[in-house]
There are 2 protein chains.
Amino acid sequence: MRYARIPDQTIRRLPLYLRALFLMAEQGQTEVSSKDLSEHVGVHAWQVRKDFSFFGEFGRPGVGYQVSWLTDQIKTILRLDSEKKAVLVGVGNLGAAVLSFSGFNKYNLTIIAAFDADVNKIGQTVGGVEIRDVACLDSVGELNATLAVITVPGQVAQAVVDPLVNVGIRGILNFTSCRLIVPDQIRVTNIDIGMDLASLPYYI
Amino acid sequence: MRYARIPDQTIRRLPLYLRALFLMAEQGQTEVSSKDLSEHVGVHAWQVRKDFSFFGEFGRPGVGYQVSWLTDQIKTILRLDSEKKAVLVGVGNLGAAVLSFSGFNKYNLTIIAAFDADVNKIGQTVGGVEIRDVACLDSVGELNATLAVITVPGQVAQAVVDPLVNVGIRGILNFTSCRLIVPDQIRVTNIDIGMDLASLPYYI
DNA sequence: GAAAGTTTGTGAATGTGAACACAAGTGCAA
DNA sequence: TTGCACTTGTGTTCACATTCACAAACTTTC
Ligand SMILES: NC(=O)c1ccc[n+]([C@@H]2O[C@H](COP(=O)([O-])OP(=O)(O)OC[C@H]3O[C@@H](n4cnc5c(N)ncnc54)[C@H](O)[C@@H]3O)[C@@H](O)[C@H]2O)c1
Ligand SMILES: NC(=O)c1ccc[n+]([C@@H]2O[C@H](COP(=O)([O-])OP(=O)(O)OC[C@H]3O[C@@H](n4cnc5c(N)ncnc54)[C@H](O)[C@@H]3O)[C@@H](O)[C@H]2O)c1
């Protein structure tokens with residue numbers, strides 16, 4: 001199985017395992033069983049083992065997995081072993097909240113720059129990041145950022161994404177409720193809070 | 001097919017169709033084909049038709065779907081035909097952003113109350129909603145709210161969720177990176193911005 | 001009103017991931 | 001050394017979702 005295609009769903013679960021492992025490491029735990037891990041994440045134990053089996057043999061029967069080594073493995077798989085730089089465009093309510101959030105660090109993710117069109121905001125600092133003029137979006141190229149967070153109004157989302165793609169952004173986290181048109185090799189993840197809230201009544 | 005079990009993935013797509021239909025209605029469009037709709041949402045045309053086929057016959061061959069009627073149908077399926085009330089707990093950076101957001105209205109969703117533990121915030125108004133003392137969380141029962149948005153620090157998330165479940169909340173939108181333990185009949189949707197950002201490097 | 005052009009609705013085929021069951025590896029106690 | 005309790009890794013089975021292909025329904029055109 002080791003060299004087969006990796007299921008998308010498996011990739012989606014890896015960050016969750018990582019989150020749980022960080023928690024365990026903080027509490028001084030050095031070894032963990034698939035059962036342990038599964039309870040933290042909310043899946044079944046065999047799901048955890050199956051997921052790992054796509055990449056190799058990570059654990060020892062009768063013992064479990066070594067927390068630190070497993071953490072490193074998952075980090076490597078997810079390409080979180082080296083620092084990844086991100087920029088944020090649109091420092092409104094939501095953008096400011098994301099900028100102020102410090103929880104990205106342990107995943108080796110850093111927001112190195114923020115952009116806005118509002119002249120009153122340009123020059124100010126939020127979450128330790130200075131807000132620049134969106135007209136200077138081209139400067140992202142020199143910063144070597146590969147990720148972008150889009151928190152502008154939907155109407156201008158596509159307009160800010162196009163130049164970002166041109167200067168080397170490869171992955172986009174899109175908070176607007178507009179579908180972004182990008183080249184095939186660019187990855188877009190959409191977070192639409194409205195959609196998620198609107199889905200809930202169906203299930204209740 | 002009409003009375004079979006509805007695939008989860010179909011339900012997940014319905015709000016996206018709804019979002020596109022609102023846009024079309026705004027632009028004065030009265031009829032729409034599955035092809036049209038599919039391009040707005042980013043799926044294939046037959047996926048759209050298949051999804052609708054689980055609920056009945058919504059369109060007319062050779063013509064398409066009537067925008068207003070289709071909108072009503074989806075609203076009904078998603079239980080968005082009557083107003084649903086939500087409360088928000090934790091008016092920090094993220095909570096304030098959600099409170100200030102006005103895009104929930106068209107889905108018949110209203111945030112009617114907000115709660116925080118910070119005495120400096122209690123009594124203030126954000127996004128037209130007055131912040132109340134989290135110690136009075138029990139009062140949610142009288143408000144007839146069925147939904148809750150959780151934007152408190154992860155450590156206290158479970159502590160605020162437990163009383164919410166007791167006073168009748170049925171659906172929860174959880175922004176913390178902690179798994180919430182709730183009774184089976186309560187629906188929890190997790191939005192973890194850190195996880196979504198951490199997944200991107202794998203794909204780039 | 002017949003023919004050509006659209007578009008829907010859906011059974012069947014295909015693909016993918018979840019769930020299971022169990023053999024095999026490990027540690028420990030007697 | 002043996003037996004027992006525990007845990008991993010994975011081939012297989014099963015359930016669900018996507019994809020396809022096409023008949024049937026409708027409109028438009030001439
Ligand atoms: N806040 C929420 O809870 C929420 C929920 C769902 C979706 N969203 C979406 O997230 C996005 C941001 O929401 P928000 O509440 O922060 O809105 P906001 O209005 O507070 O922030 C938008 C920011 O973008 C800036 N901006 C406008 N045009 C720009 C441009 N061309 N280039 C750069 N910056 C520009 C504005 O100056 C402002 O600072 C919106 O698309 C919104 O629909 C927000
Ligand atoms: N901001 C982001 O971009 C982001 C990203 C990922 C996850 N999150 C998560 O979202 C949550 C909120 O993030 P934030 O950035 O708004 O944090 P924040 O610290 O700005 O806000 C937390 C709010 O909760 C309130 N609070 C604390 N204890 C409370 C209690 N017992 N009852 C009610 N209210 C209480 C605080 O007074 C504060 O207003 C956190 O769990 C965070 O991990 C945020």
Side-chain angles (χ1 to χ4, degrees), chain A residues 1-17 20-21 24 29-74 77 199 202-203, chain B residues 1-17 20-21 24 29-74 77 199 202-203:
Chain A
M1 264 307 164
R2 205 139 319 165
Y3 297 99
R5 220 195 97 272
I6 312 298
D8 243 17
Q9 304 300 319
T10 293
I11 297 297
R12 184 167 311 172
R13 280 187 292 269
L14 289 182
L16 301 177
Y17 299 146
L21 286 168
M24 290 167 179
Q29 199 175 336
T30 59
E31 276 176 343
V32 62
S33 69
S34 58
K35 186 160 177 294
D36 240 14
L37 201 47
S38 72
E39 279 162 7
H40 268 82
V41 173
V43 300
H44 289 273
W46 43 255
Q47 183 74 274
V48 175
R49 296 198 299 273
K50 186 70 154 183
D51 284 340
F52 293 163
S53 81
F54 289 112
F55 302 99
E57 310 196 355
F58 287 0
R60 289 199 318 168
V63 183
Y65 304 88
Q66 206 190 327
V67 171
S68 63
W69 193 74
L70 185 55
T71 303
D72 287 345
Q73 291 297 310
I74 299 182
I77 294 168
S199 299
Y202 175 82
Y203 294 98
Chain B
M1 266 303 165
R2 205 140 317 165
Y3 297 100
R5 220 195 98 272
I6 313 300
D8 244 17
Q9 304 300 320
T10 293
I11 297 296
R12 185 166 311 171
R13 281 187 292 269
L14 290 182
L16 301 177
Y17 299 145
L21 287 167
M24 290 166 178
Q29 199 176 334
T30 59
E31 276 176 346
V32 62
S33 69
S34 57
K35 186 159 176 295
D36 240 14
L37 199 48
S38 72
E39 280 163 6
H40 268 82
V41 172
V43 299
H44 289 274
W46 40 254
Q47 182 73 274
V48 175
R49 296 199 299 274
K50 186 68 157 183
D51 283 340
F52 293 164
S53 81
F54 289 112
F55 303 99
E57 310 197 356
F58 286 2
R60 288 201 316 169
V63 183
Y65 304 88
Q66 207 190 326
V67 171
S68 63
W69 193 75
L70 184 57
T71 303
D72 288 345
Q73 290 297 310
I74 299 181
I77 293 167
S199 298
Y202 175 82
Y203 294 99

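Below, chain A is the first sequence line, B the second, and so on; all start at residue 1.
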Colleague: Could you tell me whether the side chain of B:Arg12 reaches within less than 4.5 Å of the side chain of A:Tyr202, counting heavy atoms only?
Modeller: no

Colleague: Take atom CZ of A:Phe54 and atom P of C:dT16, then tell me their distance rounded to the nearest Å.
Modeller: 12 Å

Colleague: Using whole Å, report how far CD of B:Glu57 lies from C1' of C:dG9.
Modeller: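 Rounded to the whole Å, the gap is 6 Å.
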
Colleague: In terms of the nearest nucleotide of DNA chain C, which residue is placed more toward the 5' end: A:Asp51 or B:Arg60?
Modeller: B:Arg60

Colleague: Is the shortest side-chain heavy-atom distance between A:Tyr65 and A:Leu37 below 4.5 Å?
Modeller: no

Colleague: Is there a side-chain polar atom (N or O) of A:Tyr65 under 4.0 Å from OP1 or OP2 of D:dG9?
Modeller: yes

Colleague: Between B:Lys50 (NZ) and C:dA12 (P), how many Å, whole number?
Modeller: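 So the two atoms are 10 Å apart, to the nearest Å.
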
Colleague: Nearest-Å distance, CD1 (A:Ile6) to P (C:dA18)?
Modeller: 13 Å

Colleague: Given C:dT8, C:dG11, C:dA18, identify the nucleotide with an atom nearest to the side chain of B:Pro61.
Modeller: C:dT8

Colleague: Is any side-chain heavy atom of A:Val43 less than 4.5 Å from a side-chain heavy atom of A:Tyr17?
Modeller: yes

Colleague: In whole Å, what is the span from the CD atom of A:Gln66 to the P atom of C:dG27?
Modeller: 13 Å

Colleague: Tell me: CD of B:Gln47 to P of D:dC16, nearest whole Å?
Modeller: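 The answer, rounded to whole Å, is 17 Å.
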
Colleague: Give one of base, sugar-phosphate or nothing for A:Phe52, where a contact means two heavy atoms less than 4.0 Å apart.
Modeller: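 Nothing: the residue A:Phe52, judged by heavy atoms under 4.0 Å, touches no strand.
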
Colleague: Are any of the side-chain heavy atoms of B:Phe54 and B:Ile77 separated by less than 4.5 Å?
Modeller: no

Colleague: Can you find a pair of side-chain heavy atoms, one from A:Asp36 and one from A:Gln29, that are under 4.5 Å apart?
Modeller: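 The answer is yes; the side chains approach within 4.5 Å.
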
Colleague: What's A:Thr10 touching, base or sugar-phosphate or nothing? Going by heavy atoms closer than 4.0 Å.
Modeller: nothing

Colleague: Between P on C:dC22 and CZ on A:Arg49, what's the gap in Å once rounded to a whole number?
Modeller: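 These atoms are roughly 14 Å apart.
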
Colleague: Is there a side-chain contact between B:Ser34 and the phosphate of C:dT7, meaning an N or O under 4.0 Å from OP1 or OP2?
Modeller: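 Checking C:dT7 against B:Ser34, no side-chain N or O comes under 4.0 Å of OP1 or OP2.
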
Colleague: Rounded to whole angstroms, how far apart are CH2 on B:Trp46 and P on D:dC20?
Modeller: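 Interatomic distance, CH2 of B:Trp46 to P of D:dC20: 6 Å.
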
Colleague: Does A:Arg12 put a side-chain nitrogen or oxygen below 4.0 Å from OP1 or OP2 of C:dG17?
Modeller: no

Colleague: Mind checking if B:Arg13 touches a base, just sugar-phosphate, or nothing, with heavy atoms under 4.0 Å?
Modeller: sugar-phosphate

